[in-house]
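Accompanying notes for the structure given below.
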Amino acid sequence: MDFAAVILAAGEGTRMKSNTPKVLHKVCGIPMLGHVILAARSAGAKRIIVVVGKGAEEVKRAFQRENVEFVLQAEQKGTGHALKQAEDAVKGEDTLLVLYGDMPLVTNESLRAMVEYHWKSGAAATVMTARVKDPTGYGRIIREGNRVLAIKEEKDASLEEKAINEINSGIYCFQREKVFEALEQVNNNNRQGEYYLTDVVEILNNKKENVFAYEVQDPCEVQGVNDRSQLALAQAIMQKRIINRLMAQGVTFLNPETCLVDAGVEIGRDTVIYPGVYLEGNTKIGEGCTIIGVSRIVDSKIGNNVEITMCHIRESVIEDNVKIGPFSNLRPGSYIMAGAKIGDFVEIKNSKVGMGSKVPHLSYVGDADIGSGVNIGAGVIFVNYDGFKKHRTVVEDGAFIGCNSNLIAPVRIGQDSFIAAGSTVTKDVEEGALAIARARQENKPGWVKKRREREGGDSTNGKQA
Ligand code: UD1
Ligand code: CA
């Protein structure tokens, strides 16, 4: 047996007060709709149909590379009207799993269990419900035993109905034919003037069809996101889940509450994450690393036994046994090979630093290919930009670049060559050569005394008298 999922994601999202469509707001680095798609897919949905409307183009663009189909709801007339737009798309299906795009916390396990329950009971519809402390804003479940007789929206509910603390999650299983039949009878005679999907429950009951409740144990799973404070709540719940999973896999967090770890992040065992570490996007960190905050690592791959102290790292690769920081800035395209060391106040961009090479202090390395065993002295600048174009610099294995040198690209520094401190290198340096590119020093004995006599004799040479 199989099923298709229909995700309703066309709504206004008025309460978010945002220029971005609601379902694109991110929870732990992934748009809400992305979490719902992932849960439905992992639960076994063979097709996923997303109903889009508000910001349709933007939503489609965000998921164009996922294997999902889109249906347009041109006008937002309610959740029942939204599902109706998918009628043609799902013609050949028997079972539909219908979800809303604004509930990122539902798990694939709960979805799967609900579908199985729906099949076993043979019901026309199954509603996922939860018992919550504060049901405000949700549709209330009117029950009789395990039957759901109706769902009453908050705005249309009586005082007694409002006191019910079992809520409609917005997740349903339907026999396809029966739900679309029932939808024909849904009208918009309610406080919001919308065609409610929730009304099919009462309609099916009137047709003597079975509608059952499937209650989830953890009400957190069905937390909907309608405004920014619910978004923050969803973020907090999901963050806790992610960090708990990583801790269960053998990662130490010294103070998890202060860290931010996106859903796609992977971390190997025995890595220690200090307070104030932000790991974002597709970041992968190996085993036995130490990451000291405040650090932000985005879309980067870090090997094993790497030590990172107070750094910003983006779209970069760092191999095993590397030490970075404090205060290094690795911009996109940095590739740091095994055993290298990147020290304080070093900025690296679109460059490779070879095995065991050192860039320990105060350097800018831009558009460079640095070989292995290279020593870059303090304050060396790779001058990669001539005001029009960027150029590359090559530093071959074993070269020694003296402090405060400028390497004016394009330029090649040969293997085992030696650049004297303070040089401004504009020409290639051959293998094993010494390059000195600075004015020769000249000392003038007795010059200071002579100057004092000439200028009137009271200069202190800068010292306080
Ligand atoms: C809805 C349910 C409510 C449930 C709650 C769970 C209805 C009538 N009410 O209320 O019983 O407790 O979710 O979170 O279904 N949408 C469209 N097209 C539309 C309107 C909405 O695609 O014309 C989409 C929205 O993008 C959203 C979802 O449907 O993802 C739910 O809409 P929303 O307005 O958030 O419904 P709630 O008031 O939260
Ligand atoms: Ca909602």
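Below, each value reflects all heavy atoms present in this structure, side chains not excepted, and no hydrogens, waters or symmetry copies. Note that ligands are numbered from 1 as they come in the structure, with each ligand's atoms numbered from 1 the same way.
The protein heavy-atom contact nearest to atom 31 (C) of ligand 1 is Tyr100 CD1, 3.5 Å. Scanning the protein heavy atoms around atom 9 (N) of ligand 1, the nearest turns out to be Glu153 OE1, 3.0 Å.
Near Lys77, with a cut-off below 4.0 Å to any heavy atom, the atoms of ligand 1 are 23 (O).
For ligand 1, the polar-atom distance check against Gly78 finds a nitrogen or oxygen pair separated by under 3.5 Å. Taking distance alone, with nitrogen or oxygen atoms compared against 3.5 Å, Thr79 approaches ligand 1 more closely than that limit. Residue Asp102 has at least one N or O atom closer than 3.5 Å to an N or O atom of ligand 1. Where the criterion is an N or O separation shorter than 3.5 Å, residue side chain and backbone included, Gly170 fails it with respect to ligand 1. For the pair Val23 and ligand 1, the shortest N or O to N or O distance does not fall below 3.5 Å.
Taking a 6.0 Å sphere around NZ of Lys240, one finds it holds 12 or fewer heavy atoms contributed by other residues, nucleotides or ligands.
Here the rule is side chain to side chain donor-acceptor pair (under 3.5 Å) with Tyr196, and of Thr79, Asn187, Asp156 only Asp156 fits it.
For the residue pair Arg331/Asn350, the side-chain donor-acceptor check at 3.5 Å is not satisfied.
With the Ca ion (ligand 2) as vertex, Asp102 OD2 and Asn226 OD1 subtend 90°, rounded to 10°.
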